[in-house]
Amino acid sequence: MENTSQETQSFQQNQDIGQGRGVYISTYGCQMNVNDTERMHSLLEMQNFTPVENPEDASLIIINSCSVREKPVHKVYSEVGTFRKMKDKNPNLKIGVGGCVGQQEKENLIKNQPMIDFVFGTDQIDNLPQMVAKAFEGERRQINAKFEHRAPYHIETMVRNPGVATFVNITKGCDNFCTFCVVPYTRGREKSRPLQHILTDIRHLVKRGVKEVTLLGQNVNSYKAEEGLDFADLLAKVATDTDIERIRYTTSHPKDFNQKLADTMAAHQDKIMEYVHLPFQSGNTRILDRMNRNYTREHYLEKIAMLKKTIPNLVLSTDIIVGFPGETEEEFRDTVTLVEEVGFETIFAFKYSPRPFTKAAKFEDQVDEDVKTERLNRLFDAHDKMAFDLVKRYEGQTMRVLVEQADREFGKIQGRSTSNKLVHFLGSADLIGKTVDVKITKAFPATFRGELV
Ligand code: SF4
C-alpha cells in the first residue's frame with residue numbers, strides 16, 4: 001500500500017517536472033533523428049515541458065546528435081561550448097546529449113564536458129522522462145546508453161503535428177556493416193516492428209489527417225515481420241488495408257531489392273509512388289567490395305534495368321561516396337559513368353570521412369583531402385551537365401501534386417509530385433491536404449515551378 005502511494009506521488013512529481021519550464025531540442029542528421037526528436041518532445045510534453053524556439057528561454061536543452069560524418073560531430077561539440085556558457089550564467093539549466101554521438105561517446109562526453117547532466121543512447125529515448133526528472137532532482141552525470149538487444153521494437157509513431165505527410169519508422173539499426181558506416185555501432189542490430197503495429201499506426205495517422213507516409217529505416221527492404229512476411233508484403237498491406245493515399249519509403253539497399261518488390265510497386269501504383277532512393281556509393285566493383293556492399297557494378301545496373309522495365313516512369317536518386325580509401329582516378333571515373341548511365345535526376349554525394357569503430361577508418365591508403373574535394377566537385381559538375389537536360393522533359397507536363405504547406409513566397413503553396421519533386425505554384429492555403437493537377441512551367445533537378453490546372 002505504502003509503495004503504491006509513493007509510486008503515485010513520484011509519478012505525479014515526474015509528470016509535473018516540466019511545469020513552467022521550457023525545453024529546446026537541437027537536432028542534427030537524418031530523418032530518423034528528426035523522428036526521434038518528435039518522440040522526445042511528445043514524451044516531455046507529458047511532463048508539461050513547453051517547447052521553446054530559443055535556447056536562451058529553456059530550462060532544459062537536449063542535443064540530438066549525429067555522427068554519420070565528421071562535420072555534424074564537430075558542430076555538436078561547438079554547440080556544447082555555446083550551451084556551457086549559458087549554464088555558467090544559469091546553473092539551474094539542465095543539458096542532455098542523445099542521438100548517435102551520445103551513443104558513441106558516452107563516458108567521454110561526461111568526462112570531458114562536465115556541464116552535461118545526462119547522456120542517453122539511441123535505444124533509451126523512452127527513458128528520457130526519468131532521466132530528466134532525476135536531473136531536476138539534482139542527479140548529475142547520468143549515462144544511459146545501453147542497447148536493448150533482446151527487447152522487441154514496439155514503438156508507436158509520436159509526432160506532435162504530423163501535417164499532411166509524415167514518416168513512420170518500420171525498422172531500426174543495421175546488420176550490414178558497410179566498412180565506412182558508423183550506424184551499426186550507434187543504432188545497434190536491425191529490428192523490425194510487427195506488421196500489424198505499423199498498420200494500426202498508419203490508420204491512426206490517417207485519422208489525424210495524414211495523406212502520405214514514408215516508411216523509414218536504415219535498410220527498409222530487409223524488413224522482416226514475424227509471420228515470415230517481407231517488405232514487399234508490408235507495402236502491399238499498407239496499400240490495401242489502410243486508407244493512406246500515398247506511400248513512399250527510404251532507404252533501400254541494392255542487395256535486398258528484388259523483382260517481387262518492383263512488382264508490388266507496379267501493382268499498387270495508385271498508392272505507392274514511382275520514386276526510389278537506391279544508394280550505390282561507388283561505381284567500381286573493387287571499391288564496392290572494400291566497402292562490403294555485397295553487390296557489383298553489374299549487379300547494381302541489372303537491378304536498375306529490372307526496375308525501369310517494371311516501372312517505366314520510375315524516378316531514381318542515390319547516395320555516393322567519393323575518395324573512399326584506395327580509390328584511384330580510374331575507379332572514381334567508374335562512379336561518374338554510372339551516374340551518367342543510370343541518369344539520376346538527383347544525387348547526394350559526399351567525401352569519405354573516417355568514422356570511429358569502422359573498418360575503413362583503419363585502411364592505410366586514405367585519399368588526400370584535396371583529391372577528395374576535387375573529385376566531389378567534378379562529380380557535381382558532371383551531374384549538373386546532364387540533370388538540367390534530363391528534367392527539361394517535365395516542362396509542359398501535368399503532375400499530380402499533394403499540397404503540403406504554404407510557400408515562403410506570399411500567395412504560393414507547395415507540394416510533392418508522385419515522383420517526389422517539390423513543386424511551387426500559386427494557390428490558396430485551403431488546398432493543403434488535397435491532391436491537385438499542376439502544369440510544370442520550369443523544371444530544375446530537385447524543384448519545379450508550375451501552375452494549377
Ligand atoms: S546499409 Fe551500410 S550504409 Fe546503410 S546503415 Fe547499414 S551499414 Fe550503414
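Residue indices begin at 1 and follow the sequence shown. Indexing begins at 1, ligand by ligand and atom by atom, following the structure's order.
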Check against ring pair (Phe, Tyr, Trp, His ring centres under 6.0 Å), Tyr352 and Phe180: CA-CA 8 Å; Tyr352 168 77; Phe180 55 81; 7.5 Å; no

Any Leu199 side-chain heavy atom under 4.5 Å of Gln196 side chain: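 A side-chain contact under 4.5 Å exists here.
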
Only distances under 3.5 Å count here; give the side-chain donor-acceptor pairs of residues 313-326 to other protein atoms, sequence neighbours excluded, each with its distance to 0.1 Å.
residue, atom, partner, partner atom, Å
Ser317, OG, Tyr275, OH, 2.6
Ser317, OG, His277, ND1, 2.7
Thr318, OG1, Leu278, O, 2.8
Thr318, OG1, Phe280, N, 3.0
Asp319, OD1, His277, NE2, 3.0
Asp319, OD2, His277, NE2, 3.2

Residues in side chain to side chain donor-acceptor pair (under 3.5 Å) contact with Thr337, at least two apart in sequence or another chain: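 For Thr337 the side chain to side chain donor-acceptor pair (under 3.5 Å) partners, ignoring immediate neighbours, are Arg297.
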
Set of residues satisfying side chain to side chain donor-acceptor pair (under 3.5 Å) with respect to Glu190, sequence neighbours excluded: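 Counting only residues at least two positions away or on another chain, Glu190 forms a side chain to side chain donor-acceptor pair (under 3.5 Å) with Ser222.
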
Per-ligand residue contacts, ligand 1, heavy-atom threshold under 4.0 Å: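 Those residues closer than 4.0 Å to ligand 1 by some heavy atom are Cys174, Asn176, Phe177, Cys178, Phe180, Cys181, Val183, Pro184, Gln218, His253, Arg293.
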
Ring centres under 6.0 angstrom apart (Tyr185, Phe147):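 Between Phe147 and Tyr185, which both carry aromatic rings, the centre distance is not below 6.0 Å.
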
